[in-house]
Protein chains: 2
Amino acid sequence: MNKQPIGFLDSGVGGLTVVKEALRQLPHEDIVFIGDQARLPYGPRPAQQVQAFTWQLTRFLLKQNIKMLVFACNTATADALEIIKPQLQIPVVGVILPGARAAIKATKNRRIGVIATEGTIKSAAYQQAIQRRDPQLQVLSLAVPKFVTLVESGQYNRPIARKIVAEMLQPFVGSGIDTLILGCTHYPLLRPLIQDFLGPEVQLIDSGAEAVSEVSVLLDYFEITNQNLAHHGQAHFYTTASPKMFDQIASDWLDLRDLKAQQVNVTQEE
Amino acid sequence: MNKQPIGFLDSGVGGLTVVKEALRQLPHEDIVFIGDQARLPYGPRPAQQVQAFTWQLTRFLLKQNIKMLVFACNTATADALEIIKPQLQIPVVGVILPGARAAIKATKNRRIGVIATEGTIKSAAYQQAIQRRDPQLQVLSLAVPKFVTLVESGQYNRPIARKIVAEMLQPFVGSGIDTLILGCTHYPLLRPLIQDFLGPEVQLIDSGAEAVSEVSVLLDYFEITNQNLAHHGQAHFYTTASPKMFDQIASDWLDLRDLKAQQVNVTQEE
């Protein structure tokens, strides 16, 4: 029916974990992704600045004629979704509510951990999303800012990563959580290390993957799926910084060999 | 935020399996249910008649000031959802797409079975919903009309039920399906017998339970959840026939002792 692409925005390359899931779950959909690598990380920035940057990325994607917009970034979701969503004519999906819903469904002992950037943790968006549904649930939130730079610098599979993961997650030892929300789209890259450190009894929730399930529900609900089944979804990638490292990390993550990101300046029309 | 109830409609009492799931997943939401027991089963009726009846039930629920409408009936979903949904101002959810999505996610060997009423099978709604997403998936559909009367007559836990289940599901023996959609909201009552007959390697998909997950996504998406967490959701039940058998079956299924259905005439204003 609707052949327009789905837009994904992120502060950097972390949102590609969401794109990877979208390519798997929605093989006939075209995708446009923009990562704001020139200005990452968003986590430590004031909310107003995150809102301004997210608007710029949104306007760029709207020019690509998208039919749906996904905030593939927890910080952007926490700070800007509620402001931007009501002003657009197309459906807008963030990563926080899908992650919160999945955690509520998963926990058995009613103790949920959340790791995210400082910005997301300060916003208390996960805690609110969870406890607005059930105030009896315990939520243990922790900012782990170092994880983003670990991933963006391509060191997520080096020995230093294991050391930093152990250091940062120390507060969860003995906390009794049985579910941990990976509240930043960069963190799935560290998933094996996080799972190793916390042990197999803690269930990890990938908010990005959950968001794609919501995208799938809404594509159906608004009847805007691409129904041309002969079509293999194409993905186009844009970055605000040099495409070189983007291409390298993105190729590693997505197993796409010919991935060629284009550099764009989203501030030029401001 | 939004304290209006969610409306559920069904041809009879089968939709109560969906209500039961809604009470579990959405404990703060009020619910209004109407079952058209006076005119069940819908399965063998022509599509136009199902549409007319479903409009009557819809109008009754709209008068109850509902904020969302759930077609807790596969036949009504197959025949009337696409006609009624675009004409309402509130979100409308059916049971077929959620069931189809869950089956696609669940199947490993890519062979999915569907059991439903004649009406639903004739509409080919499940097959379309599945193969519109992935034409490589095999779908084996079977009408099992006797199951509805088995449930509505309260015989679903009598020995005769086991015999009829074995008889009707015979065509699936040796079919190699690894996933079976219970494509009628009455069938979850027969779930233990169906699972016994097909064996543990076949995964059963309860379309109604999946629809409630979609309701949950849309309540969040449209920001119409009831955020008064001190409120325990109330359910009101209406039937177009005598409330006596309704109350008995409903009490058995829902474990609600004081359930008192009211009889209404939905045709009076036609």
Side-chain angles (χ1 to χ4, degrees), chain A residues 1-2 21 24-29 68-70 77 81-82 85-86 88 90-102 104-106 125 128-137 209-233, chain B residues 1-2 21 24-29 68-70 77 81-82 85-86 88 90-102 104-106 125 128-137 209-233:
Chain A
M1 202 79 109
N2 189 313
E21 191 60 30
R24 198 185 68 80
Q25 285 189 37
L26 305 165
H28 308 295
E29 297 294 339
M68 187 182 288
L69 174 59
V70 182
T77 302
L81 183 80
E82 282 181 25
K85 184 183 157 190
L88 301 193
I90 55 172
V92 183
V93 171
V95 281
I96 291 178
L97 276 178
R101 271 194 302 264
I104 292 170
K105 216 168 166 185
Q128 278 172 9
I130 292 167
Q131 294 183 333
R132 216 171 54 192
R133 302 195 138 242
D134 190 344
Q136 309 283 316
L137 291 168
E210 299 300 330
V212 174
S213 298
E214 178 163 338
V215 168
S216 182
V217 167
L218 294 176
L219 286 174
D220 281 337
Y221 183 79
F222 292 110
E223 296 169 6
I224 51 173
T225 52
N226 186 345
Q227 294 187 15
N228 176 5
L229 296 182
H231 179 73
H232 291 281
Chain B
M1 202 81 105
N2 191 313
E21 191 60 30
R24 198 184 68 80
Q25 285 189 38
L26 306 165
H28 308 296
E29 298 294 339
M68 188 182 287
L69 173 60
V70 182
T77 302
L81 183 79
E82 282 180 25
K85 183 183 157 190
L88 301 194
I90 55 171
V92 183
V93 170
V95 280
I96 291 178
L97 276 177
R101 271 195 302 264
I104 292 171
K105 215 167 164 186
Q128 279 172 8
I130 292 167
Q131 294 183 333
R132 215 172 56 191
R133 302 194 137 241
D134 189 344
Q136 310 283 316
L137 291 168
E210 299 300 330
V212 175
S213 297
E214 178 162 336
V215 168
S216 181
V217 167
L218 294 176
L219 285 175
D220 280 337
Y221 183 80
F222 291 111
E223 296 169 7
I224 52 174
T225 52
N226 186 345
Q227 294 187 15
N228 176 5
L229 297 182
H231 179 72
H232 290 281

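Each chain gets a letter, A, B and so on, in the order the sequences are listed, and its residues count up from 1.
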If you define the side chain from C-beta out and look only at heavy atoms, does anything of K105(A) sit under 4.5 Å from S216(B)?
no
Y221(A) side chain to V92(B) main-chain N or O, any donor-acceptor pair under 3.5 Å?
yes
Heavy atoms, side chains only, cut-off 4.5 Å: are D220(A) and R133(B) in contact?
yes
Within this structure, what is the CZ-CG distance for the pair R132(B) and N228(A), rounded to the nearest 0.5 Å?
13.5 Å
For S213(B), which atoms come within 4.5 Å of any heavy atom of chain A: side chain, backbone, both, or neither?
side chain
Is I104(B) in contact with chain A via its backbone, its side chain, both, or neither, using a 4.5 Å heavy-atom distance?
neither
Distance from E223(B) atom CD to K85(A) atom NZ, nearest 0.5 Å?
4.5 Å
Counting only non-hydrogen atoms closer than 4.5 Å, does P91(B) touch chain A with its backbone (N, CA, C, O), its side chain (CB onward), both, or neither?
both
Check each atom of R101(B) against the heavy atoms of chain A and say whether the ones under 4.5 Å are side chain, backbone, both or neither.
side chain
Is the closest side-chain heavy-atom distance between V217(B) and L97(A) below 4.5 Å?
no
